[in-house]
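Here the structure is laid out as structure tokens; the discussion comes afterwards.
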Amino acid sequence: MSDIADRVKKIVVEHLSVEEEKVADNASFIDDLGADSLDTVELVMAFEEEFGIEIPDDAAETIQTFGDAVKFITEAS
Amino acid sequence: MFDLTGKTALITGASGGIGGEIAKALHAAGATVGLSGTRTEPLEALAAELGERAHVLPCNLSDAEAVNALPKQAIEAMGGIDILVNNAGITRDNIFMRMSEDEWASVLEVNLTSTFRLCKGVLRGMMKARWGRIINISSIVGATGNPGQGNYAAAKAGMVGMSKSLAYEVATRGITVNAIAPGFIQTAMTDKLNDDQKGAILGQIPSGRMGTPEEIAAAVLYLASAEAGYVTGTTLHVNGGMAML
């Protein structure tokens with residue numbers, strides 16, 4: 001697993017208080033990991049900070065799963 | 001009680017009567033204050049009067065870009081925004097049948113839309129801090145209506161609905177959002193009324209007098225305090241009993 005995926009996973013595990021095993025590529029933050037809509041906003045804020053990137057609102061809306069997040073951040077950074 | 005030491009507060013309309021008193025009250029409780037308004041001179045004078053922990057942040061609230069930039073400027077100056085007081089407001093009164101699109105739109109833009117923009121701009125920092133206070137200064141006429149103020153009443157009622165919706169969304173993050181609805185308060189705005197108008201108004205106020213800007217500031221101080229952490233989504237009416245809501 002890439003370094004980016006590790007770092008993203010760490011944020012997700014910490015923020016949503018979920019088991020690491022549950023954070024699969026296709027795991028949806030809201031449907032599978034128990035996030036509410038405000039949690040997803042905070043996740044995006046945490047990603048921005050960790051990776052020093054800016055994720056615009058329209059792009060943030062497309063980040064629904066752990067895999068989406070890793071893919072977006074890999075392309076952006 | 002009501003110690004704001006170490007907190008930072010952004011106040012719009014700080015060049016006006018009520019806004020100036022709000023800034024003084026929060027500053028006296030220990031907060032660092034960001035004084036925003038369109039006229040720089042009175043802001044500078046107020047900052048000089050307050051001394052340390054006061055920053056002047058001029059902003060024209062009808063300019064969307066300037067409004068969106070204001071939270072960033074305030075964060076740069078003060079290191080963050082823990083407390084936002086949306087106090088600025090304008091009136092452009094006219095009876096409904098004569099009210100122009102421009103009179104309607106400009107009052108909505110400055111009183112309601114700029115409040116939305118500023119709330120949005122401060123939320124990120126408050127979410128991270130898990131603490132925040134947003135206090136929107138509405139008006140009694142938002143609840144009761146007032147002839148000649150269809151635009152102003154709509155904007156002020158809009159602030160209440162907006163505050164409640166936002167209060168729901170961010171309550172779990174330690175952020176409270178409340179409104180204050182002043183009744184008739186002695187300011188430059190009410191000084192323009194003639195004696196007959198004043199007499200008619202006073203007849204409707206059980207306490208028989210106009211309120212003071214200090215009495216609004218005291219309500220803001222309470223809602224900004226740690227002690228008011230369980231108060232959110234409410235409208236605090238400060239009106240001498242003029243409307244018991």
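Quick note on labels: first sequence line is chain A, next is B, and so on, each numbered from 1. Note that the coordinates shown come from a computational prediction; the quantities given were computed from them, not determined experimentally.
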Output for pair (A/Glu42 CD, B/Met127 CE), nearest 0.5 Å, gives 4.0 Å

When the 4.5 angstrom heavy-atom criterion is applied to B/Arg173 and chain A, the contacting part is side chain

**Prompt:** Taking everything shown except A/Phe51 itself, do over 12 heavy atoms lie less than 6.0 Å from its CZ?
**Reply:** yes

Shortest non-hydrogen pair, A/Leu38 vs B/Val170, comes out as CD2-CA, 4.2 Å

